[in-house]
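Working notes for the structure below.
Every chain is numbered from 1 and lettered A, B, ... according to where its sequence line falls, protein lines coming before strand lines.
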Protein chains: 4
Amino acid sequence: MEPARKEEKRSRILAAAVRLFAGDGFYRTRIGDIAKTANVATGTVYTYFESKEKILDAIFEDSMEQFLALGKEDMAGAETALERLQRIVELHLTNLGRDRELATVFQIELRHSARFMDVYSRSRQLREYFNRVAAILEQGKEEGTVRRDLDVWFATKALFGILDEAATNWVLSDRNYRLTSDAGRIIDFALKGLSAG
Amino acid sequence: MEPARKEEKRSRILAAAVRLFAGDGFYRTRIGDIAKTANVATGTVYTYFESKEKILDAIFEDSMEQFLALGKEDMAGAETALERLQRIVELHLTNLGRDRELATVFQIELRHSARFMDVYSRSRQLREYFNRVAAILEQGKEEGTVRRDLDVWFATKALFGILDEAATNWVLSDRNYRLTSDAGRIIDFALKGLSAG
Amino acid sequence: MEPARKEEKRSRILAAAVRLFAGDGFYRTRIGDIAKTANVATGTVYTYFESKEKILDAIFEDSMEQFLALGKEDMAGAETALERLQRIVELHLTNLGRDRELATVFQIELRHSARFMDVYSRSRQLREYFNRVAAILEQGKEEGTVRRDLDVWFATKALFGILDEAATNWVLSDRNYRLTSDAGRIIDFALKGLSAG
Amino acid sequence: MEPARKEEKRSRILAAAVRLFAGDGFYRTRIGDIAKTANVATGTVYTYFESKEKILDAIFEDSMEQFLALGKEDMAGAETALERLQRIVELHLTNLGRDRELATVFQIELRHSARFMDVYSRSRQLREYFNRVAAILEQGKEEGTVRRDLDVWFATKALFGILDEAATNWVLSDRNYRLTSDAGRIIDFALKGLSAG
DNA sequence: GATGAATGAGACTTCATTCAT
DNA sequence: CATGAATGAAGTCTCATTCAT
């Protein structure tokens with residue numbers, strides 16, 4: 001089979017998995033159902049993925065890779081740290097907000113167990129993402145737009161926590177709003193904090 | 001059997017479940033193992049809990065209840081919004097930081113699936129917690145220590161996101177630090193934000 | 001506890017068992033439910049009966065005993081074989097038709113497995129019953145009202161088969177009719193058969 | 001897998017189930033034992049049957065279908081109602097008498113509970129059987145060989161009751177006789193009844 | 001490479017029975 | 001005698017994975 005068709009089949013399996021994981025959860029989704037949804041035979045899934053867990057891994061990796069690539073493009077015109085921060089926040093939200101099912105997998109299904117969490121939190125891609133945010137904050141310090149005494153690594157995690165909470169809330173929400181609509185408030189909070197001073 | 005002994009057995013089962021859920025994950029933990037760890041027979045677990053999921057529910061509810069009760073006591077001496085905020089942040093971290101296994105269950109195992117997440121995120125206790133934080137921020141607005149234009153509900157969630165991320169990082173971390181040591185940075189970040197201005 | 005109260009408790013358990021066996025079937029009925037229905041504790045059931053199966057046995061035996069006793073009384077005025085036959089058929093139907101739940105247990109639940117069937121079919125009481133019917137038929141032969149060439153034992157079983165089928169049909173029927181209303185047709189069929197000659 | 005091999009495997013499972021249900025009873029037979037006896041893995045049973053109860057259903061349906069088909073063939077040469085009656089009685093007994101284990105399942109295991117009984121007694125196949133017998137009796141009325149005042153439907157059930165009782169007795173009997181040997185007595189009884197007149 | 005029937009280990013839950021109180 | 005919490009063996013069904021075709 002030519003590579004293009006193979007790749008296409010792999011994608012179909014991955015797409016089916018996202019759909020089903022989001023709907024029924026990782027543990028309740030059966031490989032057979034993924035196969036059926038992807039219009040392949042059960043055994044075929046194993047031609048593309050070693051195990052059910054590896055499918056989850058692949059969803060994470062593929063999506064992160066794509067997200068990081070998008071990030072590179074998207075950052076092109078942004079110069080100042082604040083512009084860049086705004087961009088990266090918007091990208092984070094746009095990216096997750098584009099596909100609720102994928103977002104569900106990211107916000108919930110990828111966090112099944114300590115083992116999973118551990119693997120993902122140590123992943124090259126997530127570290128790369130954190131490094132980019134941290135770099136922006138460092139740049140801000142140099143520019144004088146970010147306060148000198150800020151613990152950059154801590155702030156990076158804090159920002160991630162806020163974005164993550166926003167995304168999870170969106171995924172679980174009954175209301176029908178766009179996730180990106182949170183961008184402004186997130187930036188505002190992150191920059192100025194709560195205090196009146 | 002006198003109530004005290006019954007209660008004690010229930011606690012033993014719950015404690016065993018926390019230990020095992022934290023170690024092996026919810027799905028990989030067998031009821032039989034919980035029973036063995038709690039020194040009761042398998043069937044006994046079902047005298048106290050309808051199902052494995054109900055055990056998870058009970059861990060959540062008991063711990064949240066205790067946390068909320070603690071919150072009430074602990075807030076006693078705190079008058080100003082900022083004092084109270086400080087207290088509640090410390091309480092959140094102290095409470096989770098006290099027991100790494102329980103924290104693991106809270107930060108990871110309780111987030112198994114959209115269904116679970118949904119149930120927990122809509123729980124009376126979590127809402128009560130959010131309401132308390134929101135009330136503090138409102139108080140701050142009245143005192144003039146919190147800026148007027150702040151979206152209180154959003155800020156509550158953002159703060160929770162930061163605390164949650166800190167807790168999850170602590171749970172997954174190899175380093176041996178006290179979770180409460182993050183309190184200062186969290187307060188600092190939450191109050192002042194990133195920006196230099 | 002005085003004997004009367006003991007006996008009464010035993011009866012309550014038996015009555016509860018009949019009700020539940022008829023409704024849910026023997027295997028699906030739990031001892032605990034029988035106890036609850038009888039207003040005693042689970043363990044108490046075991047003071048009166050060795051096991052769940054023994055409860056079934058007791059239902060069979062008690063009811064058969066009562067039926068046979070009734071038979072003796074009831075037969076009093078009947079002299080001729082045909083009168084007696086008529087009486088015994090009516091008694092069979094009246095007795096089962098009186099209590100649909102007990103009838104359900106007799107027609108269905110007592111026939112659970114070859115082992116059960118075997119035990120009941122060899123029971124002293126059932127044999128006694130068959131003997132009485134056979135005796136009536138023998139009497140009929142002597143009187144000249146029953147044909148000489150009849151295989152009495154076979155005819156006894158055949159008659160029982162007809163009664164049994166009628167009872168089972170009644171138990172399973174949706175229609176609301178009295179089981180005794182079959183008596184006439186049964187006697188008619190048994191006496192004259194199908195044939196026109 | 002070609003259909004023939006699939007069908008063969010299904011049959012093996014069914015045959016194993018008949019053997020074990022007859023020997024140990026439905027409730028005491030484990031799916032794992034059926035599988036072992038049929039030389040397949042436990043899970044394989046579930047490829048062919050949804051549940052243990054469905055296996056029992058399949059035994060009933062397959063056997064009844066075969067019985068009805070046999071009935072059609074066998075009736076070919078019989079013209080008069082009495083010939084046909086004779087044939088159908090013989091067929092009933094031959095069919096059950098051919099395989100004691102299958103007969104045990106039919107006479108005992110299929111009658112587990114009111115629910116089961118209900119389902120089977122309302123089955124298309126059993127009704128078809130009753131209809132055939134009833135049609136024969138009607139034919140007899142027209143021919144003048146069956147008495148005009150006979151309640152045909154009742155007589156059908158009565159005849160079935162006699163056959164059923166004979167079959168059950170055979171299944172439970174220690175003596176080693178052929179079930180068909182009851183045919184003559186059944187016909188005799190059914191035609192002429194008990195009475196001397 | 002693709003298929004999907006077969007595998008069989010595994011786990012939750014049930015419930016008859018026991019026994020300390 | 002009565003209680004009912006505790007026991008733990010048992011069994012159905014599931015499903016990730018394999019492999020012969």
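Within the structure, salt bridge (charged side-chain N to carboxylate O under 4.0 Å, His left out) pairs that include any residue of residues 42-59 of chain B comprise Glu53(B)-Arg115(B) (at least two apart or interchain).
Considering every non-hydrogen atom in both Thr42(C) and Gly32(C), the closest pair reads OG1-CA, 4.0 Å.
Using cut-offs of 30° and 60° for the angle between ring planes, the Phe116(A) and Phe26(A) rings count as perpendicular.
Contact between the side-chain N/O atoms of Lys52(B) and the OP1/OP2 oxygens of dA11(E) is not found at any separation under 4.0 Å. Applying the 4.0 Å criterion to OP1 and OP2 of dA2(E), one finds that Tyr48(A) has a side-chain N or O inside that range. Taking side-chain N and O atoms only, Thr44(A) has a distance below 4.0 Å to OP1 or OP2 of dT3(E).
Among the atoms of the strands shown, only primed sugar atoms or phosphate atoms (P, OP1, OP2) are found under 4.0 Å from some heavy atom of Val40(B).
Within 6.0 Å of CZ in Arg28(B) there are 12 or fewer heavy atoms belonging to other residues, nucleotides or ligands. Counting heavy-atom neighbours within 6.0 Å of Glu65(B) CD, excluding the residue itself, gives a total above 12.
Nearest to the side-chain atoms of Tyr46(C) among the listed nucleotides dA6(F), dT17(E), dT7(E) stands dT17(E). The Arg30(A) side chain lies nearest to dC15(F) when the options are dG8(F), dC13(F), dC15(F). Nearest to the side-chain atoms of Lys9(D) among the listed nucleotides dA5(F), dA11(E), dA6(E) stands dA6(E).
In DNA chain E, runs of at least 3 stacked Watson-Crick or G-U pairs (N1-N3 plus N6-O4 or O6-N4, or N1-O2 plus O6-N3, all under 3.5 Å) give these stems: E:2-21 with F:2-21.
Map Ile31(B) and Thr47(A) each onto its nearest nucleotide of DNA chain E; the residue landing nearer the 5' end is Thr47(A). With the nearest nucleotide of DNA chain E identified for both Phe26(C) and Asn39(A), Asn39(A) has the one nearer the 5' end.
One can place CG of Asp33(D) at 16 Å from P of dG8(E), the figure rounded to the nearest angstrom.
For Arg12(A), the side-chain contact (heavy atoms from CB on, under 4.5 Å) criterion is met by Glu8(A), Lys9(A), Ala38(A), Asn39(A), Val40(A), not counting sequence neighbours.
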